[in-house]
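To keep things clear, I will list the structure first and then write my remarks on it.
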Amino acid sequence: MAQAAAVAKPPTPPRRRRASATPRRLPYLLIAPAALLMLGFIAYPVISVFYYSLQEYNPTKPWRNGFAGFDNFVHAFTDDPLFWDTLVFSAKWVFVEVGLQLLFGLALALIVNQTFAGRALGRALVFSPWAVSGVLTSAIWVLLYNSQTGITRYLADVGIGSYGTSWLSDTSTVFSAAVVADLWRGVPFFAILILADLQSVSKDLYEAAEVDGASRIKQFWHITLPHLKDAIVLSTLLRAVWEFNNVDLLYTLTGGGPAGVTTTLPLYIANTSVDAHNFGYASALTTVAFVILLFCSIVYLRLSKFGGEDK
């Protein structure tokens with residue numbers, strides 16, 4: 001018995017199989033085709049723009065095509081007054097539009113965040129303009145500003161203004177008219193984002209503030225606004241980029257006129273490439289716009305301390 005016990009050996013535990021690397025890589029393998037396709041659609045146009053910005057490329061004048069170096073950039077900064085005019089107007093357009101959209105969007109979000117009869121319908125009406133495309137928005141406001149059938153005719157009927165007035169053809173009113181048209185569509189964007197963040201604010205904070213005797217203004221300034229900081233920073237940054245690149249609305253409403261007073265830099269780039277066929281110079285202007293937006297975005301995020309804790 002002792003000899004049998006000595007000879008007997010405990011069973012050898014089964015060897016653990018090495019975990020296959022395939023299950024861990026499977027998610028990446030599944031999304032790889034879509035990721036490569038998206039990378040191709042994004043990377044190729046960006047690289048093409050950078051390449052053509054260093055070229056003299058105009059299909060209508062092939063004998064002049066060739067490597068231009070930084071001549072396109074030098075021409076933009078030194079010999080093209082339209083570049084500076086459109087850049088200044090773009091900055092003005094972004095500042096006015098984003099500022100007004102933020103103010104009205106914040107006010108609407110605060111209103112529809114309250115409890116009242118028909119709140120669901122009110123929210124739907126407030127947010128509905130955001131679902132309308134830019135071109136359709138432009139078509140609606142072109143009809144509203146029509147001198148024969150639009151707002152100005154009805155104002156003239158009650159003695160305000162004169163018949164045949166076109167706000168889109170007058171250099172003194174075209175900017176305000178375009179701003180109002182874009183506000184109609186842009187305000188709901190801020191209202192949606194701010195309302196979503198407002199609903200996450202704890203009601204206990206407001207109740208505690210009321211117990212301490214804080215007024216509505218102080219509650220807004222010390223509770224609501226700090227809580228909305230990141231939402232406001234992100235929404236203003238996104239909207240500023242979109243407004244800077246706004247082409248469809250201004251192109252449909254004014255075409256950059258009258259007398260070029262509503263021509264933004266992206267609209268100038270579109271005219272340079274599509275109408276003048278100067279794709280090399282248009283690519284250089286696009287590169288400059290990209291650098292400006294990138295620089296301003298980084299500075300804005302740094303100054304606003306986006307995502308950080310307030311000290």
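Residue numbers count from 1 along this sequence.
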Any chance the rings of Y268 and F83 have centres within less than 6.0 Å? no
L237 reachable from L294 in the ILVMFWY side-chain graph, under 4.5 Å edges: no
Sequence neighbours excluded, the answer for side-chain contact (heavy atoms from CB on, under 4.5 Å) partners of S172 is D170
Indicate whether the side chain of [X] and that of [Y] have a donor and an acceptor atom separated by less than 3.5 Å.
{"X": "Y51", "Y": "S283", "value": "no"}
{"X": "Q101", "Y": "R239", "value": "yes"}
{"X": "H227", "Y": "S200", "value": "yes"}
{"X": "T86", "Y": "T264", "value": "no"}

Below 3.5 Å, can you tabulate the donor-acceptor pairs from side chains in residues 125-134 to any protein atom, sequence neighbours excluded?
| unit_1 | atom_1 | unit_2 | atom_2 | d |
| --- | --- | --- | --- | --- |
| S128 | OG | L125 | O | 2.9 |
| S133 | OG | L136 | N | 3.3 |

Are F73 and L54 packed together at the side-chain level, in the sense that at least one heavy-atom pair is separated by less than 4.5 angstrom? yes
Full working for side chain to side chain donor-acceptor pair (under 3.5 Å) between S273 and Y281: CA-CA 8 Å; S273 58; Y281 186 56; over 6 Å; no
When you look at W93 and F244, which way does the ring-ring contact (aromatic ring centres under 6.0 Å, His included) test go after all the steps? CA-CA 8 Å; W93 173 262; F244 184 89; over 10 Å; no
With rounding to the nearest 0.5 Å, note down the distance linking OG1 in T60 to CG in N65. 8.5 Å
In terms of relative ring orientation, are F279 and Y57 parallel, tilted or perpendicular, with 30° and 60° separating the classes? tilted
[X] (side chain) donor-acceptor with [Y] (main chain) under 3.5 angstrom:
{"X": "W141", "Y": "A178", "value": "no"}
{"X": "N72", "Y": "S53", "value": "yes"}
{"X": "Q219", "Y": "A214", "value": "yes"}
{"X": "Y145", "Y": "A177", "value": "yes"}
{"X": "T252", "Y": "L249", "value": "no"}

Under the side-chain hydrogen bond (donor to acceptor under 3.5 Å, both in side chains) test, which residues partner Y154, sequence neighbours left out? none
Step through the shown structure and confirm whether more than 12 heavy atoms of other residues, nucleotides or ligands are within 6.0 Å of CZ on F67. yes
